[in-house]
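Naming: A, B, ... by sequence-line order, numbering from 1 per chain.
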Amino acid sequence: MNSSPSPVLVAVAWPYASGSRHLGHLAGAYLPADVFARYQRLIGNRVLMVSGSDTHGTPITVRADAEGVTPAEIVDRYHNEFVADWERLAISWDCYTTTGTENHTAVVQDMFLRLLEKGHIDKRISEQYYDTEVGRFLPDRYIEGTCPHCGYTEARGDQCEDCGRTLDPEELLDPRSKFSGSQPELRSTEHFYLRLTDFEEVLGQWLEERKGWRRHVLNFSKGWIEEGLQDRAITRDLDWGIEIPVDDLGDGKRIYVWFEAVIGYLSASKEWAEAQGTSEAWREWWEGDKARSVYFIGKDNIPFHTIIWPGMLSGYGGLNLPTDVPANQYVTFKGGKASASRGVGLTIGEGLDLFEPDGLRYALAANLPEQSDTDISVEEIARRINEELAATWGNLVNRVLSMVHKTCDGQVPEPGDRLPEDMALLATIDASLVTAGQQLEKVELRAALRTGMDGAAAVNAYLNATEPWKVAKEDPERAKVILGTALAAVGGVRVALAPYLPFSTEILNDPFGPVTGWQREELTPGLPVGKPSPLFAKVDLGELLADQES
RNA sequence: GGCGACGUAGCUCAGCUGGUGAGAGCGCCCGACUCAUAAUCGGGAGGUCGACAGUUCAAAUCUGUCCGUCGCUACCA
């Protein structure tokens, strides 16, 4: 069915190992990437799905200091948590790694050196606040003081939360370090800068030519270009991070996260290739016209993936720029942005403790914030599971398998002589697979899930119309034809839902067999069909909420 | 302050290159059915598409102003 399998790089945002990730992150990036990747594999494309834990950066060192442990311990803790979450959710990585590997360091340093050699990186000196007590330079966010505009005394170096104005740290009156409370002093420090201005024209033109990208992604990116790109410092006064491969700046400087984390897509691809024993195989996904690369991220990451990373790639040369960046908006919880640190919403682990993985996957997929922020709650997740997943799909599987078990001697019946109404149902299911496929290809994952569920509803309607439980009494042969048709239709619906529901899909391998392609397969007559048990348990919302209270 | 987006049925959302009577799912009401996880199927009620003004033969869709919500603002990533 897929005459020309093509390489598809599924590049997924790197979760920051500074704390637990929440359901918003799951819905924003990891789940849609997994659904897309599973679909692409089913239609026969060669998928390479990569990501890893982002292990560097100031917040991790701050947390480590606060807890009196090393940054590496923080990173290990959360990396292990993420890996456990992916396992529980069956996120189908080809390579999930970290930015702490030797390979990543090598790839980052190679990128750095090439850009330096080509003149896209240069050195500049700036004045930055330095905390003499703890002996470190201070990121803007870690400087507090009095806002020069409104007099708010708790303003941060980047922004006053009271009046909302953007600030430079030097503007703050009475600045103090968030670490020690002492008054920091300005010291000059030298850093490498990425000359984004070099790429302004080429990126502007590239963005103009993008077709089929989500509107908000394109608007936001073009807005950056219109405002004019600024060169950005890509090194920091830190000792936690990737070493700069030239020693011009002296000690105590590292390449900063936002520059190196995006390179992870490339280094993870290389790590995967190496692990396969084919060290050059990564090129299939990064070079040439046939390869596609789709980046799954939340909207906060848009400029890194539509401006900075493409800029780096075009400066480096020879590697493909993103084919599409279907960034999602935010999942909000009762109107607020999810934030594990502020206690808004659930972490992924908490979500998995409350709901079965397929149920959680279904509920989030049905609420993906593809066009606009989407509000979600425990009640909403439970509603999706109980009223849609279990009621429409789980119950359908159960009712069909039960009837086949009872009426057809516990085995898959022969197709027999199908009537037009039977053929119509199968045609409907086959058409829904085509439609869902088109939607998945456009990364309209909510719509594709809906299409699959409509297929389930069509089978339910067919059963109500043909009434096999009645027919069985007068015309057992006709009942078997109906049930065989329904069984085949259920098999088709199962394919449409397979990218979303890996666990229950696998449970149905008996009797349907594994899903191996994006089409409905006729079942082999005679296969045993045992007495089924419900695919999905209903969620007891009252119990759930009571548990949450305690 | 600047930028981006959002505000459409009780709830969560789609529609927005302007044009057949404004949609979906769930909830609700009525009916059918009873094989199935009190599941399913059919029908129905329900919206001045945030407010105001404008452009147009025609606006939920374009423009402006206002109100409300969210996010970003380049040293969080």
_Distance, rounded to the nearest Å, where A:L401 contributes CG and B:rC35 contributes P_ = 17 Å

*Report which part of the nucleic acid A:P59 touches: base, sugar-phosphate, or nothing (heavy-atom distance under 4.0 Å, all strands).*
sugar-phosphate

*Length of the NE2-P vector between A:H405 and B:rC35, whole Å*: 16 Å

*Hey, does the side chain of A:Y129 reach the backbone of A:P175 with a donor-acceptor pair shorter than 3.5 angstrom?*
no

*With heavy atoms under 4.0 Å as the rule, sort A:Q230 into base, sugar-phosphate or nothing.*
base

*Taking the same atom, P, in B:rG44 and in B:rA39, what whole-Å distance lies between them?*
23 Å

_Does A:A537 reach a base, just sugar-phosphate, or nothing at all? Heavy atoms under 4.0 Å._
nothing

*From the list B:rC35, B:rU12, B:rA5, which nucleotide is the closest neighbour of the side chain of A:E380?*
B:rU12

*Using the P atom in both, what is the distance from B:rA60 to B:rG21, to the nearest Å?*
12 Å

*When the P atoms of B:rC52 and B:rG46 are considered, how many whole Å apart are they?*
22 Å

*Using the C1' atoms only, state how far B:rC70 lies from B:rG50, rounded to an integer number of Å.*
15 Å

_Judged by each residue's nearest nucleotide on RNA chain B, which is more toward the 5′ side, A:S402 or A:N460?_
A:S402

_Under 3.5 Å donor-acceptor pair, A:N367 side-chain atoms to B:rU12 base atoms_ = no

*May I ask you to decide if the ring planes of A:F304 and A:W258 are parallel, tilted or perpendicular, using 30° and 60° as cut-offs?*
tilted

*asked:* Looking only at the side chain of A:E467 (C-beta and beyond, no hydrogens), which of the listed nucleotides B:rC33, B:rU12, B:rC26 gets closest?
replied: B:rC33

_Rounded to whole Å, how long is the line connecting atom CH2 of A:W393 with atom P of B:rC41?_
14 Å

*B:rU65 versus B:rA9 - spacing of their P atoms, nearest Å*: 25 Å

*Just to confirm, is there a sub-4.0 Å distance from OP1 or OP2 of B:rU34 to any side-chain nitrogen or oxygen of A:K470?*
yes

*asked:* Using a 6.0 Å distance limit plus a 45 degree cone around the ring axis, check whether A:R136 lies over the aromatic ring of A:F179.
replied: yes

*asked:* Could you tell me how far B:rG54 sits from B:rA22 if I compare only their C1' atoms? Round to whole Å.
replied: 23 Å

*Residue met sooner reading RNA chain B from 5', once A:K299 and A:A261 are mapped to nucleotides*: A:K299

*OP1 or OP2 of B:rA14 less than 4.0 angstrom from a side-chain nitrogen or oxygen of A:S372, does that happen here?*
yes

*What is the nucleic acid contact for A:L535, judged by heavy atoms within less than 4.0 Å: base, sugar-phosphate only, or nothing?*
base

*What is the distance from CZ of A:R446 to C1' of B:rC13, rounded to the nearest Å?*
5 Å

*Would you mind classifying the nucleic acid contact of A:G223 as base, sugar-phosphate or nothing, using non-hydrogen atoms under 4.0 angstrom?*
nothing

*If every non-hydrogen atom of A:A13 is compared with every non-hydrogen atom of A:A29, which pair is closest and at what distance?*
CB-CB, 4.3 Å

*Ignoring the backbone of A:P534, work out which of B:rA74, B:rC76, B:rU37 is nearest its side chain.*
B:rU37

*Sugar-phosphate, base or nothing in reach of A:Q371, heavy atoms under 4.0 Å*: sugar-phosphate

*With the side chain counted from C-beta on, respond yes when A:W14 and A:V262 share a heavy-atom pair under 4.5 Å apart, and no when they do not.*
no

*Side-chain contact test, heavy atoms from C-beta onward, threshold under 4.5 Å: evaluate it for A:T505 versus A:R494 and give yes or no.*
yes

*May I have the distance from A:F333 (atom CZ) to B:rC70 (atom C1'), rounded to whole angstrom?*
15 Å

_In whole Å, measure the gap between the P atoms of B:rU48 and B:rC11 for me._
13 Å

*Answer with base, sugar-phosphate or nothing: what part of the nucleic acid does A:W14 contact at a heavy-atom distance below 4.0 Å?*
nothing

*A:H216 has an atom NE2; how far is it from atom C1' of B:rG71, in whole Å?*
11 Å

*Are any of A:R215's side-chain N or O atoms less than 4.0 Å away from OP1 or OP2 of B:rC6?*
yes

*Sticking with atom P, work out how far B:rU56 lies from B:rU63, rounded to a whole angstrom.*
16 Å

*Selection from B:rA5, B:rG42, B:rC76 that lies nearest to any side-chain heavy atom of A:N219*: B:rA5

*Tell me what A:F304 touches on the nucleic acid: a base, only sugar-phosphate, or nothing, going by heavy atoms under 4.0 Å.*
base

_Is it the case that the side chain of A:D231 and the backbone of A:Y193 share a donor-acceptor pair, with hydrogens and angles ignored and the cut-off at 3.5 Å?_
no

*So what does A:T407 touch, heavy atoms closer than 4.0 Å: a base, only the sugar-phosphate, or nothing?*
nothing

_Sugar-phosphate, base or nothing in reach of A:G298, heavy atoms under 4.0 Å_ = nothing

_Separation of atom NZ in A:K442 from atom C1' in B:rA14, rounded to whole Å_ = 13 Å

*CZ of A:F536 versus P of B:rA36: gap in Å, rounded?*
19 Å

*Salt-bridged, A:R187 to A:D237, with N to O below 4.0 Å?*
no

*Compare side-chain N and O positions of A:N398 against OP1 and OP2 of B:rU37 and report whether any pair is under 4.0 Å apart.*
yes

*Reckon A:K538 has a side-chain N or O less than 4.0 Å from the OP1 or OP2 of B:rA39?*
yes

